[in-house]
Amino acid sequence: MTRYAKPTTVDEALALLGEGAWRILAGGTDFYPAQGSRPFRDNVLDINGLAALRGIAETDTHWVIGARTTWTDVIRHPLPPAFDALKQAAAEVGSPQIQNVASVAGNLCNASPAADGVPGLLVLDAEVELRSAAATRHLPLSDFILGNRRTALQPGEMLTAIRVPKPAGTSAFVKLGARRYLVISIAMVAARLVVENGVVADAAIAVGSCSAVARRLAGVEAALRGLPVGTGLAEAVRSAPMTELSPIADVRGSAEYRLDAVREIVARAVLAAASMQTDDKVAA
């Protein structure tokens, strides 16, 4: 018989997870559509009563985003400019109604290659906090999402927070879709630049929907470092290697189209992160 539980403390939730297999229900914006009309056959652990897991806090070394924090919470919270890409991505997660209930951790645990929140967190060098009744561990986000719908969560564990080391620089997010809103991406890019004395001191670039998991582009990042801020940044992007990408062909676009298009939107995201004028309202 399927069990349903709605704990009121994190310790109670972790104790239940230690007893057996549960499907965790947070915002439910992916949970219910994936269930369809089939009857529930899994035990359901509803964490929507865990107030301790919602909110954004600042420590001496990190920003900490609770697992139940919604995308609307991210949009509204005062965060430094390095988080602008994540805020822009938050505004692309479905509609405002979805953003009001969908959780940041749910976006990560769903592990879709087209998860809007992942590139913006990758360029922030985010890590996840994974807790069980016995232990707590921290894992880089790049090591947490293993593939399409696969994560490094172990039995009895729950993602309780996302931790971001205090970042420098400015960032931007660009999403390519068949229309402006309410669309699964063909490709999407987050870019974060640290500019010192008019020169790119550091760069972080991540692309989603062009591989089984969103990827940082090491070759593009290396090509940008040391360049003066200007139109030369776009040219560097267009000639840099992007060997991390391995897009599929589907109803939204061919693999070849994705590879061509992603160079353009990486360039746009980089220029936007460098505070240069761009038009990021991209449509297929």
Side-chain angles (χ1 to χ4, degrees), residues 7-15 17 24-27 29-30 45-93 99-111 115-145 151-154 156-171 173 190 192 194 202 204 206 208 213-214 216:
T8 56
T9 68
V10 175
D11 286 344
E12 183 185 354
L14 296 177
L17 284 172
I24 296 178
L25 169 63
T29 56
D30 285 312
L45 183 67
D46 184 345
I47 65 169
N48 284 294
L50 303 183
L53 296 187
R54 183 169 180 179
I56 300 174
E58 182 181 7
T59 72
D60 290 340
T61 58
H62 287 77
W63 288 92
V64 181
I65 303 171
R68 284 192 53 247
T69 302
T70 69
W71 291 109
T72 298
D73 294 335
V74 172
I75 292 168
R76 293 178 177 174
H77 197 87
L79 291 164
F83 281 85
D84 283 356
L86 186 64
K87 284 177 172 280
Q88 292 160 11
E92 300 279 0
V93 178
Q99 295 157 21
N100 288 341
V101 293
S103 67
V104 177
N107 197 245
L108 305 185
C109 292
N110 195 43
D116 289 318
V118 176
L121 287 168
L122 284 176
V123 299
L124 291 169
D125 297 316
E127 65 179 18
V128 294
E129 177 183 275
L130 308 176
R131 289 182 60 184
S132 68
T136 299
R137 64 186 178 120
H138 297 104
L139 198 63
L141 178 58
S142 56
D143 294 336
F144 174 69
I145 301 177
T151 72
L153 273 172
Q154 296 178 355
E157 278 188 332
M158 177 170 65
L159 197 164
T160 50
I162 299 95
R163 292 162 45 88
V164 176
K166 288 196 170 174
T170 54
S171 67
F173 176 82
R192 179 172 64 89
V194 179
D202 198 12
V213 298
R216 286 274 295 266

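These numbers come from the heavy atoms of this one structure, side chains and all, not from hydrogens, waters or symmetry mates.
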A.B. asks: Considering residues at least two apart in sequence or located in another chain, which fulfil the salt bridge (charged side-chain N to carboxylate O under 4.0 Å, His left out) criterion with D202?
C.D. replies: R225
A.B. asks: So which heavy atom on L45 is nearest to which on P7, and how close?
C.D. replies: CD1-CD, 3.6 Å
A.B. asks: Out of L124, V74, L121, I56, which one pairs with F83 under the side chain to side chain contact (heavy atoms under 4.5 Å, CB included) rule?
C.D. replies: L124
A.B. asks: Looking at every non-hydrogen atom in both residues, tell me the closest pair between A152 and D143 and how far apart they are.
C.D. replies: CB-O, 3.9 Å
A.B. asks: What distance do I75 atom CD1 and Q88 atom CD have between them, rounded to the nearest 0.5 Å?
C.D. replies: 10.5 Å
A.B. asks: Would you indicate whether R76, at its atom CZ, is surrounded by more than 12 heavy atoms from other residues, nucleotides or ligands within a distance under 6.0 Å?
C.D. replies: no
A.B. asks: With sequence neighbours excluded, tell me which residues meet salt bridge (charged side-chain N to carboxylate O under 4.0 Å, His left out) with R54.
C.D. replies: D73
A.B. asks: Provide the closest heavy-atom pair for A190 versus V123 in the form atom of the first, atom of the second, distance.
C.D. replies: O-CG1, 3.4 Å
A.B. asks: Using a distance-only test with no angle check, is there a side-chain donor-acceptor pair under 3.5 angstrom linking E129 and T160?
C.D. replies: yes
A.B. asks: To the nearest 0.5 Å, what is the distance between CG on L141 and CG on L122?
C.D. replies: 4.5 Å
A.B. asks: What is the minimum heavy-atom distance between A85 and S171, and which atoms define it?
C.D. replies: N-OG, 2.8 Å
A.B. asks: Please examine the side chains of R192 and L86, heavy atoms only from C-beta on, and report whether any two atoms are closer than 4.5 Å.
C.D. replies: no
A.B. asks: Quick check against the 3.5 Å criterion: does R68 have a side-chain atom that pairs as donor or acceptor with the backbone of A52?
C.D. replies: no
A.B. asks: E58: which residues meet the salt bridge (charged side-chain N to carboxylate O under 4.0 Å, His left out) condition with it, sequence neighbours left out?
C.D. replies: K166
A.B. asks: Any chance you could measure L50, atom CG, to M158, atom CE, to the nearest 0.5 Å?
C.D. replies: 6.0 Å
A.B. asks: Have a look at L153 and tell me which of I24, V128, L130 forms a side chain to side chain contact (heavy atoms under 4.5 Å, CB included) with it.
C.D. replies: L130
A.B. asks: Could you measure the distance from the CD1 atom of I65 to the NE2 atom of H77? Nearest 0.5 Å is fine.
C.D. replies: 9.0 Å
A.B. asks: L108 and V118: side chain to side chain contact (heavy atoms under 4.5 Å, CB included), yes or no, with the steps?
C.D. replies: CA-CA 7 Å; L108 305 185; V118 176; 3.8 Å; yes
A.B. asks: Let me confirm one number: the CZ-CG distance from R131 to L53, rounded to the nearest 0.5 Å.
C.D. replies: 8.0 Å
A.B. asks: What's the shortest heavy-atom distance between W71 and G117, and which atoms?
C.D. replies: CH2-CA, 3.7 Å
A.B. asks: Atom CD of E127 and atom NE2 of H138: how far apart are they, to the nearest 0.5 Å?
C.D. replies: 5.5 Å
A.B. asks: Closest approach of S132 and L14, non-hydrogen atoms and distance?
C.D. replies: O-CD1, 3.7 Å
A.B. asks: Judged by atom type as modelled, is there a donor-acceptor pair below 3.5 Å linking the side chain of T170 to the main-chain atoms of A82?
C.D. replies: no
